[in-house]
Each structure stands twice: as C-alpha cells, then as structure tokens.
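Chain letters run A, B, ... following the sequence lines, proteins first, then strands; residues in each count from 1. Below, each value reflects all heavy atoms present in this structure, side chains not excepted, and no hydrogens, waters or symmetry copies.
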Protein chains: 2
Amino acid sequence: MSYQLWYWSDIPGRGEFVRLALEAGNIPYRDCAREPDIGSKGLIDDMLRPRQHPPFAPPYLVADGMTLGQTANILYFLGERHGLAPDDVAGRLWVNQLQLTIADIVAEAHDVHHPIATSLYYEDQQTEAKRRASYFRQERIPKYLAYFERVLQDGDGWLAGGARWSYADLSLYHLIFGLLYAFPHRMARIARDYPRVFAVHDRVANLPALQTYLTSPRRLAMGMDLFRHYAELDDGPSGDSLG
Amino acid sequence: MSYQLWYWSDIPGRGEFVRLALEAGNIPYRDCAREPDIGSKGLIDDMLRPRQHPPFAPPYLVADGMTLGQTANILYFLGERHGLAPDDVAGRLWVNQLQLTIADIVAEAHDVHHPIATSLYYEDQQTEAKRRASYFRQERIPKYLAYFERVLQDGDGWLAGGARWSYADLSLYHLIFGLLYAFPHRMARIARDYPRVFAVHDRVANLPALQTYLTSPRRLAMGMDLFRHYAELDDGPSGDSLG
C-alpha cells in the first residue's frame, strides 16, 4: 500500500518539502487532499478524527500504520527507510540537523509577511511586515546562506558530502526557490556571495528523477503560502537600507 | 569521556531542554561554557573553529566524536542512546514529532518579545510586541495546549503513553514553566482547561531524578531569555481582549 500524504490542496507550503523527497526518491504516494472527492474539507475531517498519534498540523504522512507529523520528522523517516540520507547514525543526524535549520529560516520567511498573527490578513499587519522584512533581507538571509555555504565548502557539492543528494539538498533547493520568488531583487544582489548554495539549487532543479514532477500539474504554483511576493517587502531595484 | 554540552552560560534558553534530559537521564556531561576558563567567549571561539559538521547556533553536544546541533536533534540522539524515548521506531518518531511541536511554540514565545528582529532590543519593538502578545495569549497558547491535552487524554499521564516519561515530557514541563514565568496572569486563568498538561508539569517537577538538579546552582534563573516576563505583554489581573 502506498503512502498517504495529507496537505492543503492549493499551496506548495511545507508539504512541498515532503513531495520533493517522495518524487525524487521515486516513492509511490497518494496526495490525498488533491483527490477531488477529498479536498481540503476531507483533510480537516481526517485530521480531527480520533487516532493514536494525532498531528498538530499538516503535512502528515500515513505510512505503515503510523501517522507521522512535522515535516522534518516525516523526512527523517523517509530518509532512513528509502536511502534519502546517509546510512550511518552520524550522517542521518547531520541531515536532520540541516533540515531543522532549513525549517527555522522557512518559519522566519513566513513570519516576514505575518509578524503579528497567522489569523490576521497580511494587509492588517503590513506596517510591521515591512519593518521585519528589512531585517530578514539584510541580516537573516545572509546569516543562513553563509552557514550553508560554509557547510558546502568542504564537500562534493551536496550538503551531507558524498556523491548523492540527501533530502536536505532537496529542501535547500526549495528554500532558495522560495526566496527567489519572494525576494527577487534582494536575491539577485546577493547570489554571487553564495555560489555553492546556488549550485545545489541548480543541481536539484536538474535532477533527472525530478524532471517529470517539476513540469507536471502535480507541482503547485507559489502563491498565498509560506513564501509570498509583495514588492514592498523586497529591496527596490537599486537596493535599500535598514529602517 | 563524558558528553560536552555547549550553550550560553547565563540563560536557560534552548540549552535547558538538553540539560533536563541529561540530568533526568543521569548522563554525565560537561556544561562547557559555564566552566570559568571557557565562558561565552570560549563558546563563540569553539563554534567558529573548523569542524566537519558545524552547528548553526548553540546548543550543541559533542558526543562520540560527533557535533550535534539543533535541540530536537540532540534530544533524538540522547533518547535513542539512553532510553529517554520508546525503543520502537513508531515511538521514537512520535516523541520527535512532539518535540518539534514544542519547539514551534517555543519559537513563537520568543518572537512575542522580538517580533521584528532578534538584533533589536525589546524596547525598540515593544509596540509590535504588545500586538503580537495579545494574539499569542489568546490564540496560540490555547491551540498548542489543547493539542497536548488531547494527546494526553488516552495515555497514562505521559505524552508517549506507557509508564515512564520521555524527553518530550521534560520539554513540556519546561515549556509550561516558561509560560508560567512569562505570562502568569494568562496562565492562571486557563490552567483549569488543561489539567493533564499541568499534571505533566507537576510530575516532572517532582521526578526524583531531577530533584538535585532543580535545587542546585547548575539550574539557571529565567531572565533575558526565550521566555521573558514583561507585565505589558501579559493579561492584566482581570484579563483583557484582542486588539
């Protein structure tokens, strides 16, 4: 029986990190809430029904009788079970550590457009969002990307070293993809500082195992999601300064 | 050789989740940055020196030749190695999932007092903090605590079920401890809604294995930390409303 992925049907969101691992690993799965007779309403019903290990939020994966929530936890399971991470304990923990660091900047990228409350519209927290975005662009993006650049400097082009990608490389790809979508001016200005990070982005985008997925209708467009593009939250074409 | 924990010397912070696991598990460790000849400067030096798997930030644990960063990742290692989580795969992943959910609310609790930038003083983002705090108290705390209450409703008093605590129970204890410190009025008003969550807090506080630590000078006082108490970010004594 194939795995069941449960995530909102209309955004890439955190589900995309799981989808990329399933697709690149050639692992059969159902994307349940995207089936017409299920949808987002079916997702909510499924999430609320009694079960031994309820998830706090989507995404979650039903696999081997387990319900696994939390993106990094799902990926840890897939990595170990399907060889999407190194086999040894040290390698598996290292990839998990990298994934959790990616999760941290993803959460920060979300809070750029929702710095006050997820329950409010962006427009109702736009003033605070502009202020937070300035620091995110100028301090946080460089801090994280410099870290991943440092990690990559001793390897063979993949985060965990070795000749093959791990699920953390797929997630780094989607992080950069999302940052390029949300902050195109800023990212264009700093790309040259992180050549190894952008090389991972390009290598993942060209992985043979992902080509069918990346050009298929299964891949959802960016939009009202973790990564959002609002021109006022990016640099201007000629840059700006803190304030 | 005992493990080396590296974390800031003057705050409980995220290091406390690791300390509680080490102490409750009776696992020998050095709290390196608290040794007088090392200190926070020694921590910064150590973090910057070249190594195979550099941590992004403290806490990190040097164990068996590995450097393990990210709190939940350190705890996953300790849980598996020292029996601080169930033995089976499903149980280990479930405790990891719970830990990651605790990590999410901890990050949100931090951002209540730093909604714009970690590099700014609280006083320079106090207006935004007041607004975020209102939603955190009235929407986010109940959402998370209701979830943990639901998880606890079918077990024997511990998050992962069974007769013994796991590291997620220790972390839930510290989460509640931190929320009680930061939002005493709010927490007093809602405690009756989450009896099982508060029972975990009380059971962990009374664990025989933790008594020496909890009353020792090794345990740092709360302060300028993840959980901060500012009266203006809590309810008033008679409650308040969104806005």
Chain B contacts, top residue of [options] (heavy-atom pairs, under 4.5 Å):
options	result
A:Leu68, A:Asp104, A:Leu120, A:Thr67	A:Leu120
A:His53, A:Met66, A:Arg132	A:His53
A:Asp111, A:Val112, A:Thr127, A:Asp154	A:Asp111

Worksheet item: Which residues in residues 85-100 of chain A have any heavy atom lying under 4.5 Å from a heavy atom of chain B?
Response: A:Ala90, A:Leu93, A:Trp94, A:Asn96, A:Gln97, A:Leu100
Worksheet item: For A:Arg30 and A:Ser2, does a side-chain donor sit closer than 3.5 Å to a side-chain acceptor?
Response: no
Discussion item. Applying ring-ring contact (aromatic ring centres under 6.0 Å, His included), can you list everything that pairs with B:Tyr7, at least two apart in sequence or on another chain?
Written reply: none
Discussion item. Can you list everything that forms a ring-ring contact (aromatic ring centres under 6.0 Å, His included) with B:Phe136? Sequence neighbours excluded, please.
Written reply: B:Phe183
Side chain, backbone, both or neither: which part of [X] has an atom under 4.5 Å from a heavy atom of chain A?
X	answer
B:Ile74	neither
B:Tyr147	side chain
B:Tyr144	both
B:Gln125	both

Practice prompt. For chain A, find which of B:Pro54, B:Ala103, B:Ala129, B:Pro50 contributes the most heavy-atom pairs closer than 4.5 angstrom.
Written response: B:Pro54
Item to complete: Could you have a look at B:Pro115, B:Ala72, B:Ala117 and say which one has the most heavy-atom pairs with chain A under 4.5 angstrom?
Response: B:Pro115
Are [X] and [Y] close enough that their ring centers fall under 6.0 Å?
X	Y	answer
A:Phe17	A:His174	yes
B:Tyr173	B:His201	yes
B:Phe148	B:Tyr194	no

Discussion item. I'd like to check the side chain to side chain donor-acceptor pair (under 3.5 Å) partners of B:Thr71; sequence neighbours left out, ordered by chain and number.
Written reply: none
Item to complete: Could you please spell out the steps behind the side chain to side chain donor-acceptor pair (under 3.5 Å) verdict for A:Tyr3 and A:Asp64?
Response: CA-CA 8 Å; A:Tyr3 297 152; A:Asp64 301 354; 4.6 Å; no
Worksheet item: Is it the backbone or the side chain of A:Thr118 that comes under 4.5 Å from a heavy atom of chain B, or both, or neither?
Response: side chain
Worksheet item: Which region of A:Tyr76, side chain (C-beta onward) or backbone (N, CA, C, O), has a non-hydrogen atom less than 4.5 Å from a non-hydrogen atom of chain B, or is it both or neither?
Response: side chain
Practice prompt. Can you label the angle between the B:Tyr60 ring and the B:Trp6 ring as parallel, tilted or perpendicular, going by 30° and 60°?
Written response: parallel
Worksheet item: Quick one: are A:Leu61 and A:Leu78 in side-chain contact, heavy atoms under 4.5 Å?
Response: yes
Fill in: Stacked cation flag B:Lys143 on A:Phe56, 6.0 angstrom / 45 deg
yes
